[in-house]
Amino acid sequence: MDEVDEIVAAWRRERPDVEVSPLEVFSRLMRLAKHLERLRKQAFTTHELDVWEWDVLSALRRSGEPYELSPGHLVAATMVTSGTMTNRVDRLVQRGLVQRRPAPSDRRGVLVRLTPEGRRRVDGALDTLLALETTILADLPESERDHVADALRTLTAHFNG
């Protein structure tokens with residue numbers, strides 16, 4: 001029995017007229033999300049990165065050689081406004097983690113490229129994050145991991161439309 005079981009039992013006692021079973025899933029997901037947010041922050045801080053910096057640097061790293069994207073692609077990948085992205089790129093340039101360069105196909109365009117230091121940090125943060133997350137998944141039998149991933153994919157599809 002965990003904290004959520006206690007919450008659900010209390011609601012069933014106080015409100016027997018409503019079906020509270022969704023709380024059994026979503027309350028646990030919310031609690032897990034909070035724990036994972038702290039875990040990710042810990043992994044990124046170890047490599048002197050903020051969560052938002054990880055978002056931008058990892059988008060660049062995943063793009064493949066030469067690890068560069070337009071600001072518009074970064075906006076789409078990180079789900080922030082263009083003004084926010086401009087500010088973030090400015091700060092990452094100041095830290096030496098990315099550089100701006102003219103887009104060869106568009107005289108007015110700019111590309112954002114990961115620097116070797118940015119790549120070193122994002123790769124280190126990924127290694128640390130995966131080690132921490134692997135430790136958490138060790139409690140879940142490997143045969144169930146795909147089922148959990150599929151169930152979560154189904155739930156998130158509701159918001160991807």
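This one's a predicted model, so the numbers in the text were calculated from it and none came from an experiment. Because only heavy atoms are used, hydrogens play no part in the values below, and waters and symmetry mates are left out as well, while side chains stay in.
Listed here is the closest heavy atom pair of T84 and V80: CG2-CB, 3.9 Å. Closest non-hydrogen pair, L49 versus R121, comes out as CD1-O, 3.9 Å. Taking both residues in full, the closest heavy atoms of H73 and S70 are given as ND1-OG, 2.8 Å, listed atom of the first, atom of the second, then distance. Looking at every heavy atom in both residues, V112 comes nearest to L60 through O-CD2, 3.3 Å. Summarising the geometry of A131 relative to T135, their closest heavy-atom pair is O-OG1, 3.0 Å, with the distance given to 0.1 Å. Between L132 and A43, the shortest heavy-atom contact is CD1-CB, 4.0 Å.
In the hydrophobic clustering of ILVMFWY residues, with side-chain heavy atoms under 4.5 Å counting as a link, W11 and F26 come out apart. Under a hydrophobic clustering in which Ile, Leu, Val, Met, Phe, Trp and Tyr are joined whenever their side-chain heavy atoms come within less than 4.5 Å, directly or via other members, L126 and Y67 fall into the same cluster. There is a path of hydrophobic side-chain contacts, each under 4.5 Å, that joins L23 to V18. In the hydrophobic cluster analysis, where Ile, Leu, Val, Met, Phe, Trp and Tyr join through side-chain heavy atoms closer than 4.5 angstrom, V51 is grouped together with L92. Under a hydrophobic-cluster definition in which Ile, Leu, Val, Met, Phe, Trp and Tyr are linked whenever side-chain heavy atoms come within less than 4.5 Å, directly or via other members, I7 and M30 are assigned to different clusters.
Tested against E53 for a salt bridge (Lys or Arg N to Asp or Glu O under 4.0 Å), the candidates R95, R40, R88, K41 yield a single pass: R95.
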Would V110 and R101 count as a side chain to side chain contact (heavy atoms under 4.5 Å, CB included) if you check the C-alpha gap in whole Å, the side-chain angles of each, and the deciding distance to 0.1 Å? CA-CA 6 Å; V110 168; R101 67 180 208 87; over 6 Å; no
Audit row: V75, T81, side chain to side chain contact (heavy atoms under 4.5 Å, CB included) steps and yes/no: CA-CA 6 Å; V75 164; T81 66; over 6 Å; no
Output, in order, the C-alpha distance, side-chain angles, deciding distance and verdict of side chain to side chain contact (heavy atoms under 4.5 Å, CB included) for R31 and V4. CA-CA 9 Å; R31 282 170 164 66; V4 173; 3.8 Å; yes
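For the pair S21/R12, a side-chain contact is recorded, criterion being any heavy-atom separation below 4.5 Å from C-beta on. Looking at P104 and L111, their side chains come closer than 4.5 Å, going by heavy atoms from C-beta outward. In this structure the side chain of L57 reaches within 4.5 angstrom of the side chain of L97, judged on heavy atoms. Looking at V93 and Q99, their side chains never come closer than 4.5 Å, going by heavy atoms from C-beta outward.
Counting only distance, with no hydrogens or angles, the side chain of T156 and the backbone of R153 share a donor-acceptor pair below 3.5 Å. In this structure, R145 contributes its side chain and L137 its backbone to a donor-acceptor pair below 3.5 Å.
The side-chain contact (heavy atoms from CB on, under 4.5 Å) search around D90 returns T86, R100, not counting sequence neighbours.
A distance of 7.0 Å separates CG in L130 from CG in D127, rounded to the nearest 0.5 Å. The distance from the CG atom of L152 to the CG atom of L32 is 8.5 Å, given to the nearest 0.5 Å. Annotation: the span from L69 atom CG to M85 atom CE amounts to 9.5 Å, rounded to 0.5 Å. For the atom pair Q42 CD and T45 OG1, the distance stands at 8.0 Å (nearest 0.5 Å). A distance of 8.5 Å separates CG of L74 from OG of S63, quoted to the nearest 0.5 Å. Note that CZ of R119 is 12.0 Å distant from CZ of R113, once rounded to the nearest 0.5 Å.
Defined by atom type and a distance below 3.5 Å, a donor-acceptor pair is missing between the side-chain atoms of T115 and E117. R62 and S58 form a side-chain donor-acceptor contact under 3.5 Å, judged by distance and modelled atom types alone.
The residues D5 and R28 are annotated as salt-bridged, a charged nitrogen and a carboxylate oxygen being separated by less than 4.0 angstrom.
Sequence neighbours left out, the pairs with a member in residues 29-56 that pass ring pair (Phe, Tyr, Trp, His ring centres under 6.0 Å) are F44-W54.
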